[in-house]
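Report on one structure; see the data block that follows.
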Amino acid sequence: MRNKWKIGSLWTVVLCLLLGCNEGNPLQPKSGGHPYEVLLVGDSGGVVMRQLTVDMAGLPQPEPWFDVVVTDSAGFQRNGKTMRNVVRVDVAPAATERTVIRYERNVFAAPQIIVHVLTPSWKALDDEMPALGERLRTLLDGAERSRQMAYLSSHHAMEPTATVERKFGAQMWIPVEMKASMQTDSFLWLSNDAAEGMCNICIYRIASADTARFVAARDSVMERNVKGETDRMHMATAPFPLQWLQGNDSTSWVARGLWEMVGDAMGGPFVARIMQQPDGTALVAESFVYAPEGKKRNLLRRTEASLFTFKKVKE
């Protein structure tokens with residue numbers, strides 16, 4: 001449960017992407033492509049493809065981290081220059097002695113990220129790319145999240161957003177489709193209440209930000225507040241190890257895991273952002289998805305972006 005993994009400077013890279021998401025020439029064309037779709041250029045051996053299509057963490061069934069469209073340099077020049085996410089593989093022995101990753105934003109369209117994987121040889125790429133895969137995925141994840149956060153900044157539900165500030169002293173942009181709600185003194189549940197692809201956000205307070213005690217604290221909150229068809233049914237954390245990401249300020253963590261409904265055959269993925277407060281307690285903003293009919297990756301990621309808009313309102 002305490003298998004935390006830190007990304008250090010990668011977190012800083014993501015923050016730079018988030019803060020710069022609206023920069024660029026307003027006269028540029030709008031970027032194309034689907035969310036979490038990557039145009040991969042020049043990866044003739046499929047080495048980078050394997051890193052982009054590993055199974056995404058925290059889902060109940062295998063789904064690739066990204067949907068990848070493969071092309072060559074000529075295809076990129078013809079049809080790919082305005083894609084939202086581009087990864088270009090360049091073999092350039094005179095330019096580098098090892099495989100490195102660099103990126104540019106809003107080169108041909110906006111918002112856009114073009115990631116350059118520069119390598120001295122195909123052998124070096126094959127040897128070194130596995131160690132660089134996490135950084136590559138983090139860059140692209142950050143770019144997609146920044147787009148959704150930018151959208152939320154001007155397209156969020158006003159009343160739920162005001163409720164979050166009133167109840168928890170925090171700003172958090174709630175997606176406009178989150179119209180159904182249930183609340184108590186220390187708990188808020190928002191949902192799109194959809195028949196298919198149900199997305200939810202819960203915000204609540206727990207006694208401590210100690211990650212070792214998070215599952216017990218979460219289960220206690222959910223047992224009281226998230227019921228099934230009867231009061232004997234309630235949400236709980238599924239018995240699988242959580243995946244932890246710690247922020248660079250040591251006061252916030254992100255947990256990815258699975259939830260289940262005790263007494264019923266329901267379940268799915270969740271993401272929780274745990275934020276330590278000055279008084280030693282913690283606020284938790286959590287998104288979870290129930291979509292037994294299909295894929296869950298994009299549903300969870302889209303809702304998850306809202307969690308990263310959280311910030312404490314100044315006194």
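Reckoned from all heavy atoms, side chains included, excluding hydrogens, waters and symmetry mates.
Proximity of W253 to Q276: side-chain heavy atoms (C-beta onward) are separated by under 4.5 Å at one or more points. When side chains are defined from C-beta on, M172 counts as touching L307, because their heavy atoms get closer than 4.5 Å. Considering only heavy atoms from C-beta on, L39 comes within 4.5 Å of T71 through its side chain. Looking at heavy atoms from C-beta onward, S31 lies out of side-chain contact with T82 at the 4.5 angstrom threshold. Proximity of V226 to F187: side-chain heavy atoms (C-beta onward) are separated by under 4.5 Å at one or more points. Counting only heavy atoms from C-beta outward, the side chains of E286 and M222 approach each other to under 4.5 Å. Two residues are said to be in side-chain contact when any heavy atoms from C-beta on lie closer than 4.5 Å; M275 and S252 meet this criterion. Between T163 and I174, every side-chain heavy-atom pair lies at or beyond the 4.5 Å cut-off.
For F214, the ring pair (Phe, Tyr, Trp, His ring centres under 6.0 Å) criterion is met by W244, not counting sequence neighbours. Take F108 and apply the ring pair (Phe, Tyr, Trp, His ring centres under 6.0 Å) test, not counting sequence neighbours, and it matches no residue. For D193, there are no salt bridge (Lys or Arg N to Asp or Glu O under 4.0 Å) partners, not counting sequence neighbours. For E304, the salt bridge (Lys or Arg N to Asp or Glu O under 4.0 Å) criterion is met by R145, R256, not counting sequence neighbours. A search for salt bridge (Lys or Arg N to Asp or Glu O under 4.0 Å) contacts involving D67 returns R297, not counting sequence neighbours.
In terms of heavy atoms, R213 sits closest to S208 at NH2-OG, 3.3 Å. Pairing each heavy atom of E229 with each of M233, the nearest pair is N-SD, 3.7 Å. Contact between P35 and N298 at its shortest, heavy atoms only, is O-ND2, 3.9 Å. Heavy atoms only, all atoms of each residue included: L300 and S287 are closest at CD1-OG, 3.9 Å. Contact detail for G58 and P269: the closest heavy-atom pair is O-CB, 3.2 Å.
Within the model, atoms CZ of R147 and CZ of R84 stand 5.0 Å from one another, a figure rounded to the nearest 0.5 Å. With values rounded to the nearest 0.5 angstrom, L190 atom CG is found 11.0 Å from T303 atom OG1. Rounding to the nearest 0.5 Å places OG1 of T119 at 11.0 Å from CZ of R98. Residue N200 holds its CG atom at 11.0 Å from CG of L299, rounded to the nearest 0.5 Å. Put simply, CE on M178 and CD1 on I201 are 4.0 Å apart, with the number rounded to the nearest 0.5 Å. Atom CE of residue M129 and atom CG of residue L125 lie 6.5 Å apart, to the nearest 0.5 angstrom.
Between the side chain of K179 and the main chain of A157, no donor-acceptor pair closer than 3.5 Å is present. A donor-acceptor pair under 3.5 Å is formed between the side chain of D219 and the backbone N or O of T237. Between the side chain of E63 and the main chain of K296, a donor-acceptor pair closer than 3.5 Å is present. Although no hydrogens or angles enter the test, the distance criterion places a donor-acceptor pair under 3.5 Å between the side chain of N85 and the main chain of E37. Looking only at distances, a side-chain donor or acceptor of S146 sits under 3.5 Å from a matching main-chain atom of A143. Between the side chain of N192 and the backbone N or O of E177 there is no donor-acceptor pair closer than 3.5 Å. Under the 3.5 Å distance criterion, the side-chain polar atoms of W189 are left unmatched by any main-chain donor or acceptor of A180. In terms of modelled atom types and a separation under 3.5 Å, the side chain of E196 and the main chain of E293 share no donor-acceptor contact.
F66 carries R301 over the face of its six-membered ring, with the cationic atom under 6.0 Å from the centre and within 45° of the normal. Judged by the 6.0 Å and 45° rule, R273 forms no cation-pi pair with F310. Cation-pi geometry between R224 and Y204 is not met: the NZ or CZ atom fails to fall both under 6.0 Å from the ring centre and inside 45° of the normal.
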E134 and R137: salt bridge (charged side-chain N to carboxylate O under 4.0 Å, His left out), yes or no, with the steps? CA-CA 5 Å; E134 183 180 319; R137 294 188 295 271; 5.4 Å; no
Run the side-chain contact (heavy atoms from CB on, under 4.5 Å) test on I206 and R218 for me, step by step, so that the C-alpha distance in whole Å, both residues' side-chain angles and the decisive distance to 0.1 Å come before the verdict. CA-CA 8 Å; I206 56 177; R218 177 183 187 272; over 6 Å; no
Could you walk me through whether F270 and L242 satisfy the side-chain contact (heavy atoms from CB on, under 4.5 Å) test, starting with their C-alpha distance in whole Å, then the side-chain angles of each, then the deciding distance to 0.1 Å, before giving a yes or no? CA-CA 10 Å; F270 77 89; L242 299 186; 3.9 Å; yes
Please step through side-chain contact (heavy atoms from CB on, under 4.5 Å) for the pair D127 and T99, ending with a clear verdict. CA-CA 9 Å; D127 291 343; T99 303; over 6 Å; no
Would you check, one step at a time, whether the test side-chain contact (heavy atoms from CB on, under 4.5 Å) holds for M235 with F288? CA-CA 11 Å; M235 179 183 283; F288 69 90; 3.4 Å; yes
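Salt-bridge check for D126 with R50: passed, with a basic side-chain N closer than 4.0 Å to an acidic carboxylate O.
Neither I114 nor L118 shares a network with the other; the hydrophobic side chains, linked directly or stepwise wherever heavy atoms of I, L, V, M, F, W or Y lie under 4.5 Å apart, form separate groups for each. Cluster annotation: V41 is not connected to Y36 through the hydrophobic network of ILVMFWY side chains, with a link wherever side-chain heavy atoms come within less than 4.5 Å. Linking ILVMFWY residues whenever their side-chain heavy atoms come closer than 4.5 Å, directly or via other members, leaves V117 and V69 in distinct clusters. When the side chains of ILVMFWY residues are joined at heavy-atom separations under 4.5 Å, either directly or via intervening members, I113 and V100 end up in two distinct hydrophobic clusters. Hydrophobic cluster membership is shared by M149 and L245, with clusters built from Ile, Leu, Val, Met, Phe, Trp and Tyr side chains linked at under 4.5 angstrom.
Between E104 and the options H116, R88, Q112, a side chain to side chain donor-acceptor pair (under 3.5 Å) holds for only H116.
Atom CD of Q61 sits in a crowded spot, with more than 12 heavy atoms from other residues, nucleotides or ligands closer than 6.0 Å. Heavy atoms of other residues, nucleotides or ligands lying less than 6.0 angstrom from CG of D279 number more than 12.
Listed by first and then second residue, the ring pair (Phe, Tyr, Trp, His ring centres under 6.0 Å) pairs involving residues 159-181 are H156-W173 (not counting sequence neighbours).
Side-chain polar atoms of R302 and Q148 form no donor-acceptor pair below 3.5 angstrom.
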